[in-house]
Each structure stands twice: as structure tokens, then as C-alpha cells.
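Just so it is clear, the values below take in all heavy atoms, side chains as well, and ignore hydrogens, waters and symmetry mates.
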Amino acid sequence: MHWVNLLVDVISGSIAILLIYQVIVGIFALKKAEKVPAGDHFHRFALIIAARNEETVIGNLIDSLTNQDYPREAFDVFVIADNCTDHTGEVAAAHGARVYYRQNRIEVGKGYALGWFFKQFLPEYERRYDAIGIFDADNLADKQFLSEMNAQLCAGQVAVMGYRDSKNPFDSWVTASTSISFWLVSRFYNQPRVRMGLSVLAGGTGYVFLTSLIAEGWRTKTISEDLEFSLQLITGGKRVGYTPYARFYDEQPTTMALSMRQRRRWAVGCYQNIRQGFPSLIAGLQTRAWPVVLDSLVFLMFMPLCAIQMVISALQLLGIFVLNPASQWSGRLEPFIISGIVGLASMFGQAMLTLLIEKKFSYRILKGVLTFPLFLISNGLLYVLALVTPKISWHPIEHKRSVSLSQIDRG
């Protein structure tokens with residue numbers, strides 16, 4: 001069993017190195033990001049919303065976009081009514097969007113819908129719009145979103161991720177924990193990487209990029225099109241920027257079942273991108289942009305390594321109970337108990353530090369703090385599940401509650 005112990009040591013050591021690396025990176029998150037000056041000209045934006053049966057929420061998003069503190073003639077809203085069986089397209093049109101209807105029951109998912117749309121969009125509009133913004137139908141955008149993104153593009157960025165806030169952090173312990181996780185990523189993953197000259201990864205929605213980046217079309221094939229697009233940019237020598245001043249709001253799943261379905265899809269997408277993008281990332285380590293590429297590899301490999309360690313630890317625990325007499329259990333379990341206590345303490349600490357530094361603390365969010373370790377552990381289990389059952393179909397998360405920007409409960 002020497003090789004098993006060696007494997008455990010290698011994986012544990014790798015995770016420890018990655019954790020130390022992230023702690024070092026996190027130090028750069030303690031200082032608030034500086035706001036870039038206003039842009040010296042106005043980019044023309046095409047704002048794209050891929051929606052499937054979202055008639056309840058899509059009108060509020062379009063209203064939040066059309067009411068931006070930005071010249072109205074400098075942006076337009078496009079909606080892809082993708083495999084809809086409700087009135088999503090009609091509602092979007094009534095709120096002023098240009099609607100494209102798509103029906104394809106074989107190629108299902110946001111990445112396919114965007115690829116289909118851009119094949120029509122680029123020949124007609126490529127020269128008209130300088131930049132593209134991607135949103136989900138359940139989002140809402142603050143009034144300054146486009147002004148801040150315009151400033152970022154004027155400052156030289158080619159792609160920028162906004163600040164992902166939550167529409168419903170107080171609905172349940174699931175929405176509370178999920179909201180904390182997104183706030184944590186924004187502050188301790190995205191913000192320091194921009195300060196260090198690295199790249200963040202687009203988070204599915206709330207990001208913009210120059211139209212010229214897809215002159216040859218949208219070339220994603222995985223179920224996580226946002227991650228794939230980001231890796232394509234990074235291996236091509238470009239970076240995805242980030243700004244906490246372009247804030248948008250995202251609706252979180254209210255139940256654990258819906259949350260796990262969503263996060264399992266993300267886990268499968270991560271493995272798909274590892275298989276597909278790993279050779280390009282390894283090749284990128286030989287270029288001048290190797291620090292950016294290496295940092296992206298750290299992100300890709302961290303959760304899969306944690307998943308493998310969880311499996312090995314479970315097997316070790318099983319071995320303790322099966323292969324040893326009960327009199328020896330306490331001694332052999334002691335290292336697991338100590339590491340478990342330290343792990344739980346760090347999880348609670350991450351949650352509280354995020355709430356305090358982001359000024360999100362509220363007694364109503366404490367349920368999310370208390371269950372945050374469960375949320376993170378379930379995330380690891382989902383990566384284990386995605387590793388052994390990699391096939392998955394795309395299913396939309398249903399949104400039934402209509403909330404405008406003025407109705408968001410900020411605690």
C-alpha cells in the first residue's frame with residue numbers, strides 16, 4: 001500500500017501549496033480596488049440575454065438595462081428566446097428588446113444558443129457594436145454598470161467581469177451560503193488577481209468583451225461556455241479584467257436540490273474544460289504570459305484535487321474501522337478530527353471575513369455562515385460525482401419571482 005500513501009501525500013501536498021498560494025493572493029484583496037476614471041468616449045454595446053421560459057423575470061432585467069446611466073443610443077438589448085414554450089419573446093419585445101427565436105432540441109444550452117445567435121449577429125452588426133455584454137434573464141444591473149464597463153474598456157481592458165451580487169440572500173440558508181460564496185470569489189479571487197496583473201474567469205453572466213474577440217465566431221463546446229471562453233482568451237495571450245463597481249444582481253436557487261443541480265453542471269463543465277483546454281494551457285506555460293496561465297491552471301485543478309482527496313480520506317476512514325480493532329480507533333482518528341476542526345474553523349472564518357470586509361454582515365445572513373461548511377463540502381461531493389458520472393444534460397433553473405432593482409432587499 002506504499003503507493004497509496006505516496007498518492008495521498010502528493011495530493012495533500014499539492015492542495016496545501018495551492019491553499020498557501022491563495023492565502024498570499026488574498027492579501028491583495030484587503031485594499032479596496034481603485035475606480036478607473038470615466039472613459040473618454042462611449043463604446044457601443046450589444047447586450048445579449050439568452051433566455052428559456054423566463055417571462056416572469058426578463059422584463060425587469062431589460063428595464064434595468066434600458067435605464068442605465070449611459071447614452072441610450074450607445075447600446076441595444078438582444079434576447080435569444082431559446083426553446084421557449086411561454087411568452088418570453090413577447091415580454092422581451094414589449095420591453096424594447098430585439099428578439100431572436102430559436103428552436104433546437106438537440107443542441108441545448110446557453111453556449112449553443114450564443115453560437116447560433118452570433119452566426120447571425122456578426123455579419124450584420126459586427127461593425128456597429130464595439131463591445132458585447134452577456135446576461136442571464138434573472139439578473140438586474142445597477143445604473144452605473146455600463147458606465148463602469150465603458151471606463152474599463154477605455155482603460156485598455158478587452159474583457160471585464162462585473163461584481164456578482166445577490167437578489168435574494170435572505171430567502172433560505174441555501175441562498176445565504178451561495179451569496180457568501182459569490183461575495184468571497186469577487187473579493188478574494190477576482191479583485192486581487194486584477195491588482196496582480198493576472199486574469200479572472202468570466203462567471204457566466206455580467207461580463208463584457210470587445211466584439212473583435214469573436215470576429216471568427218463563438219467557439220465554445222463545453223457545458224461551461226463562460227469558463228471555456230475565458231481560457232481561450234488566456235491561452236491567446238489576453239486577460240479578463242474585473243471591476244467591483246459594475247454591480248449586477250443574480251437570483252440564487254432557494255433549495256439544496258436546485259443548487260446542487262446547478263453546481264453539478266458547473267463541476268462537469270470544469271472537467272470538460274480540463275480535458276479540452278489542458279494541452280493549450282501547458283503550451284501557454286512556455287510563453288511570456290506563463291504567470292496568467294499558471295494561475296488559471298491553479299483554479300482549474302483545485303476542486304478536482306479536493307474531490308480526489310475526499311475520496312481517499314473516505315477510504316482511509318473506512319479502512320480504520322474495518323482493519324483495526326475498536327481499541328485503536330481513537331488514536332488513528334485523531335489526525336482526521338484535528339484536520340476537520342481546523343477545516344471547519346477556516347470555512348467559518350472565510351464566511352465571516354467576507355461579510356465584514358464586503359460590508360454584507362447582517363443577522364439575517366448568519367444562517368448562511370452556520371451552513372457555509374455544508375455548502376462547501378457539498379461542492380466537493382459534487383465534483384466527486386461529476387468525476388464518476390461526467391455525462392449531464394442542461395436544464396434551466398426556473399425563476400418564478402418578479403423583483404425590480406428598487407425592490408432588492410439589501411439587508
Exam field: side chain Asn273 to backbone Cys270, donor-acceptor pair closer than 3.5 Å: no
Mutual orientation of the aromatic rings belonging to Trp116 and Tyr100 [parallel < 30°, tilted 30-60°, perpendicular > 60°]: perpendicular
Thr255 side chain reached by Val174 side chain, heavy atoms, under 4.5 Å: no
4.5 Å side-chain heavy-atom contact, Arg98 and Val77: no
Where Leu233 and Ala159 come nearest, the two heavy atoms and their spacing: CD1-CB, 4.0 Å
Polar side chain donor-acceptor pair, Asn53 to Thr85, under 3.5 angstrom: yes
Salt bridge (Lys or Arg N to Asp or Glu O under 4.0 Å) evaluation trace for Asp86 with Arg52: CA-CA 9 Å; Asp86 66 355; Arg52 180 176 177 181; over 6 Å; no
Phe182 atom CZ, over 12 foreign heavy atoms within 6.0 Å: yes
Closest heavy-atom pair and its distance - Gly368, Ile180: C-CD1, 3.7 Å
Close side-chain approach of Cys306 and Tyr383, heavy atoms under 4.5 Å: no
Side-chain heavy-atom pair Phe248, Thr205 within 4.5 angstrom cut-off: yes
Over 12 foreign heavy atoms within 6.0 Å of NE2, His87: no
Rounded distance (nearest 0.5 Å) linking atom CG of Asn60 with atom CG of Leu65: 11.0 Å
Gap separating the CD1 atom of Ile27 from the CZ atom of Phe188, nearest 0.5 angstrom: 11.0 Å
Pair Tyr21, Asp295: side-chain N/O donor-acceptor within cut-off below 3.5 Å: yes
Residue pair Ala50 / Lys110: nearest heavy atoms and the distance that separates them: CB-CG, 4.1 Å
Flag for Glu228-Thr222: side-chain donor and acceptor within less than 3.5 Å: yes
Any side-chain donor near an acceptor of the partner, Arg44 and Thr211, under 3.5 Å: no
Distance-only polar pair, side chains of Ser166 and Ser179, donor-acceptor under 3.5 Å: yes
Over all atoms of both residues, closest heavy-atom pair of Ala267 and Ala386: CB-CB, 3.7 Å
Backbone N/O of Ser212 and side chain of Glu126: donor-acceptor pair under 3.5 Å: no
Lys167 and Asp250 ion-paired at < 4.0 Å: no
Within the 6.0 Å centroid threshold, strictly below: Phe75 and Tyr129: no
Trace of the salt bridge (Lys or Arg N to Asp or Glu O under 4.0 Å) decision for Glu148 with Lys35: CA-CA 9 Å; Glu148 175 62 21; Lys35 190 175 177 65; 2.9 Å; yes
Test of ring centre spacing under 6.0 Å for Trp218 and Phe229: yes
Non-hydrogen side-chain atoms of Val99 and Phe78 separated by less than 4.5 Å: no
Val158 vs Leu153 side-chain heavy atoms within contact, under 4.5 Å: no
Ring-face cation of Arg247 near Tyr163 (centre distance under 6.0 Å, axis angle within 45°): yes
Asp171 bridged to Arg364 by N-O distance under 4.0 Å: no
Gap separating the CD1 atom of Ile234 from the OG atom of Ser199, nearest 0.5 angstrom: 3.5 Å
Reported CG-to-CG distance for the pair Leu281 and Leu231, which is rounded to 0.5 angstrom: 5.5 Å
Test item: Phe361 and Val369 side chains (from C-beta on) under 4.5 Å apart, heavy atoms: no
From Thr371, Leu376, Ile365, Leu374, residue fulfilling side-chain contact (heavy atoms from CB on, under 4.5 Å) relative to Ser177: Thr371
Sub-4.5 Å side-chain heavy-atom contact between Met310 and Ile377: yes
Nearest-0.5 Å distance, CE of residue Met303 to CG of residue Leu387: 11.5 Å
Ser172 and Thr254: side chain donor to acceptor below 3.5 Å: no
Within 45° cone and under 6.0 Å: Arg263 NZ/CZ vs Phe375 ring: yes
Residues Lys143, Asp69; criterion salt bridge (Lys or Arg N to Asp or Glu O under 4.0 Å); working and verdict: CA-CA 5 Å; Lys143 290 177 70 67; Asp69 184 13; over 6 Å; no
Rounded distance [0.5 Å steps], CG in Leu355 versus CD1 in Ile357: 11.0 Å
Within 6.0 Å of CD in Gln103, more than 12 heavy atoms from elsewhere: yes
Residue that, paired with Phe145, satisfies ring pair (Phe, Tyr, Trp, His ring centres under 6.0 Å) out of Tyr245, Phe135, Tyr70: Phe135
